[in-house]
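Taking it in order: structure first as structure tokens, then the write-up.
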Amino acid sequence: MKMSWMSLITILTLSCLFSPRSYAELPRRALELELEAVTGVSGYEIQVIRILENNKRKPPVLFKIKTTTWRAKLVPGRYELRVRSLDSREVPGEWSESQDFIVKLPPATLTKPSTDEVVMSDQTEKEKVNFQWQPVEGAEKYKLRILDSKGSMVLETMEKDSSVRVELPVGKTYSWILIPVMPGDLEGEANEPANPFQLHGGKLKPPKIGAVDDTNTEDFEWAEHSLADEFSIKIEKRDLKGNWIAHYEANKISGTKHKTDKILPTGKYRVLLSCVSKMWQESEFSMKEFSTRDLGTRAPAAIEQIKAEASYDSKSRIFAVASYYFSSIDFSSKNADVGNETKFNAISGTGRLGVGTWFGDDSKWGALLTADLSGIQIANSGSTQTSTYASAAILGVYRMRLESIGQLRFYMGLDYKELPETVKKPGSQIQIVQRKITTAGPSLGVGFYHGFSQNIGIQFNLGLRHSTLGLSTPESARSALGISPNGGNNGATDSSGHGSNIGRVSYQGGVLGSLKLKTGLVGFLGYVYRVENAAYTTTSGSRGIGDNSVSLTGHYLNLMLEYGF
């Protein structure tokens with residue numbers, strides 16, 4: 001008769017260390033089979049057949065039991081089992097359907113990494129981790145599975161030896177499962193994955209400190225760091241000997257902001273910031289220097305003034321400027337050589353580049369070097385011709401802070417300038433020959449800066465220049481007009497004073513709004529009125545001694561950028 005039966009329950013046995021032997025010599029493992037009771041029977045017979053590789057079968061072994069529980073010890077491997085009952089006369093009934101089952105190899109004993117071990121690494125990306133375990137008798141190979149902290153499988157590999165090195169990303173928690181595998185790919189019992197270990201990474205990258213205003217600030221900010229758990233901050237002050245002295249320190253800071261509990265008196269400082277993590281080595285300190293400025297008071301109004309300077313001051317020892325002037329200008333040129341005057345309106349543009357420095361972190365003195373290139377479009381004999389001319393200046397700068405008002409800057413130095421000259425033949429249109437008056441002289445300027453906030457401000461400026469020294473005059477160009485050259489060239493004069501320079505004053509004034517575009521970069525936009533003059537004396541003109549002069553007057557749109565390094 002047929003009968004039903006319960007599934008097998010395997011009981012683990014202890015494995016021992018030795019070289020693989022035949023199946024018959026392997027330690028047996030205890031198992032238990034629970035049958036469903038059948039009424040009116042005197043017992044049961046159980047037939048077990050060992051199935052070898054290539055599906056070969058050993059002769060069946062018969063077990064006879066009186067109860068519904070069968071306990072036995074079998075060598076690990078694959079088996080086929082069937083059951084039948086015995087009636088009161090012990091006559092057997094029909095066999096049940098055959099059932100396959102596997103007596104598994106016992107789990108391996110894991111040795112490295114051990115449970116809760118911390119594996120240290122100097123790497124910031126991946127590290128090779130050594131996995132070791134005790135060999136299991138009867139195992140042909142081992143299946144290794146590595147899981148992440150959420151239980152998801154990171155990788156799976158099959159190994160023949162009892163150790164392997166596996167490359168894993170650092171800064172994470174892992175656990176691992178090992179399954180011994182018998183010939184025929186019969187998997188044994190896996191260890192429970194209750195063996196987590198931590199793979200610590202190398203040093204974190206230092207955090208990026210945000211902008212530090214040169215003020216008596218108590219607030220510091222830095223960029224988010226995806227791997228950091230907390231931050232440490234130090235503030236050091238430089239003494240008169242140039243040594244850095246500890247002024248403030250705080251640890252275990254969360255977030256990306258920190259407010260100190262110490263006032264920073266006027267002086268030179270640096271802030272040091274590092275980040276720490278449970279899974280990474282502490283980073284090096286990132287560092288940024290800053291100054292608190294001396295206004296003679298630390299009142300809130302003074303502090304607000306310093307903050308407002310950010311709207312017009314890049315606050316760096318070395319800075320660069322770039323500007324562009326654009327306008328429709330009035331051009332006038334008088335020429336005694338031919339005895340006439342030309343006047344017209346033209347489009348003009350001027351580009352300027354400059355570099356400057358302050359002679360200390362909070363020095364009142366500095367220097368500025370600029371170079372300009374200008375162009376003017378002139379209608380010439382029915383066509384349009386562009387004439388270019390250059391200028392340059394080297395200036396000393398002095399800045400004066402006006403408490404609660406703003407800042408004055410004074411400029412003084414030497415200026416080199418070229419201006420184009422045009423002439424007109426009698427009865428003809430304007431004739432341009434590459435004629436330039438080149439002069440040099442002192443330059444003075446003053447600018448007033450006021451900030452409405454940390455981002456928006458205003459600037460007023462005035463400038464004067466005197467063409468004291470004539471470097472060259474365009475007398476040599478007269479031959480192009482059919483007039484014989486007859487005066488001193490390149491600013492030289494003879495006994496009659498031919499070719500001498502006449503000093504003329506150029507000036508400008510303007511107002512510009514300022515906007516801090518980002519830390520260290522300030523933009524200016526506004527209006528500038530400029531008048532540029534130059535002249536020289538000639539005695540070769542049709543009317544005798546006379547002045548040759550040039551004047552350019554324009555209402556300019558001025559765009560300027562200042563960037564602090």
Side-chain angles (χ1 to χ4, degrees), residues 116-127 148-150 168-174 196-239 242-293 298 303-304 306-307 310 314-317 361-362 454-455 516-521 564-565:
D116 296 326
E117 180 179 348
V118 175
V119 180
M120 301 300 298
S121 170
D122 291 330
Q123 302 300 313
T124 57
E125 297 292 337
K126 293 184 177 182
E127 177 65 89
D148 62 18
S149 58
K150 297 180 180 179
L168 296 172
V170 298
K172 297 180 181 295
T173 298
Y174 298 96
F197 68 93
Q198 295 180 354
L199 178 55
H200 285 205
K203 287 185 178 181
L204 292 171
K205 291 183 179 179
K208 185 177 181 181
I209 303 174
V212 180
D213 288 328
D214 291 353
T215 178
N216 189 11
T217 181
E218 298 177 349
D219 298 309
F220 294 87
E221 297 185 10
W222 50 89
E224 289 187 5
H225 199 299
S226 60
L227 300 177
D229 295 324
E230 55 190 37
F231 299 86
S232 296
I233 190 170
K234 295 180 181 179
I235 299 176
E236 298 176 341
K237 188 176 188 294
R238 192 165 67 183
D239 63 15
N243 300 318
W244 291 102
I245 308 300
H247 185 78
Y248 176 84
E249 183 174 355
N251 300 303
K252 297 183 179 180
I253 303 169
S254 59
T256 59
K257 296 181 181 180
H258 181 67
K259 186 178 183 68
T260 67
D261 57 4
K262 271 196 172 184
I263 297 297
L264 304 182
T266 298
K268 178 70 178 180
Y269 293 86
R270 66 180 183 183
V271 56
L272 305 168
L273 186 71
S274 69
C275 54
V276 297
S277 170
K278 297 176 182 178
M279 300 296 293
W280 297 78
Q281 298 179 37
E282 183 174 357
S283 74
E284 300 286 351
F285 280 98
S286 54
M287 186 269 291
K288 180 168 286 189
E289 296 185 7
F290 65 98
S291 301
T292 56
R293 297 189 174 182
R298 307 313 303 170
I303 295 174
E304 288 303 316
I306 296 174
K307 291 181 178 180
S314 63
K315 297 188 179 182
S316 298
R317 287 189 60 176
D361 294 314
D362 198 36
Q454 287 184 285
N455 297 315
K516 183 175 74 172
L517 302 174
K518 66 177 185 177
T519 301
L521 181 62
F565 294 93

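Because the structure is predicted, anything quoted here is derived from the model rather than measured. Only heavy atoms go into these numbers, but all of them, side chains included; no hydrogens, no water, no symmetry mates.
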When rounded to the nearest 0.5 angstrom, what distance separates [atom1] in [X] from [atom2] in [Y]?
X: Glu289; Y: Met287; atom1: CD; atom2: CE; answer: 5.0 Å
X: Gln198; Y: Tyr174; atom1: CD; atom2: OH; answer: 11.5 Å
X: Ile253; Y: Leu273; atom1: CD1; atom2: CG; answer: 7.0 Å
X: Lys516; Y: Gln454; atom1: NZ; atom2: CD; answer: 5.5 Å
X: Leu168; Y: Phe197; atom1: CG; atom2: CZ; answer: 6.0 Å
X: Thr124; Y: Trp280; atom1: OG1; atom2: CH2; answer: 6.0 Å

**Message:** For Phe231 and His225, take the angle between the two ring planes, folded into 0 to 90°, and tell me which bin it lands in: parallel under 30, tilted 30 to 60, perpendicular over 60.
**Reply:** perpendicular

Any [X] side-chain heavy atom under 4.5 Å of [Y] side chain:
X: Phe220; Y: Ile235; answer: yes
X: Leu272; Y: Arg270; answer: yes
X: Leu199; Y: Glu127; answer: yes
X: Lys172; Y: Asp148; answer: no
X: Asp122; Y: Gln281; answer: yes

Check: residues 244-252 side-chain donor-acceptor pairs under 3.5 Å, at least two apart:
unit_1 : atom_1 : unit_2 : atom_2 : d
His247 : NE2    : Ile263 : O      : 3.4
Tyr248 : OH     : His258 : NE2    : 2.7
Asn251 : OD1    : Ser232 : OG     : 3.0

**Message:** Assess the residue pair Met279 and Asp229 against the criterion (side-chain contact (heavy atoms from CB on, under 4.5 Å)); give the C-alpha distance rounded to whole Å, side-chain angles, the decisive distance to 0.1 Å, and a yes or no.
**Reply:** CA-CA 9 Å; Met279 300 296 293; Asp229 295 324; 5.9 Å; no

**Asked** When you measure from the side chain of Ser286 to the backbone N and O of Pro206, does any donor-acceptor pair fall under 3.5 Å?
**Response** no

Closest non-hydrogen atom pair between [X] and [Y], with its separation:
X: Pro207; Y: Ser283; result: CD-OG, 3.7 Å
X: Trp222; Y: Gly255; result: NE1-O, 3.3 Å
X: Val170; Y: Lys126; result: CG1-C, 3.9 Å
X: Lys203; Y: Glu282; result: CG-O, 3.6 Å

**Prompt:** Within a reach of under 6.0 Å around CD of Glu117, are more than 12 heavy atoms found that belong to other residues, nucleotides or ligands?
**Reply:** yes

**Prompt:** Got a sec, which residues hit salt bridge (charged side-chain N to carboxylate O under 4.0 Å, His left out) with Lys150, two or more places apart in sequence or on another chain?
**Reply:** none

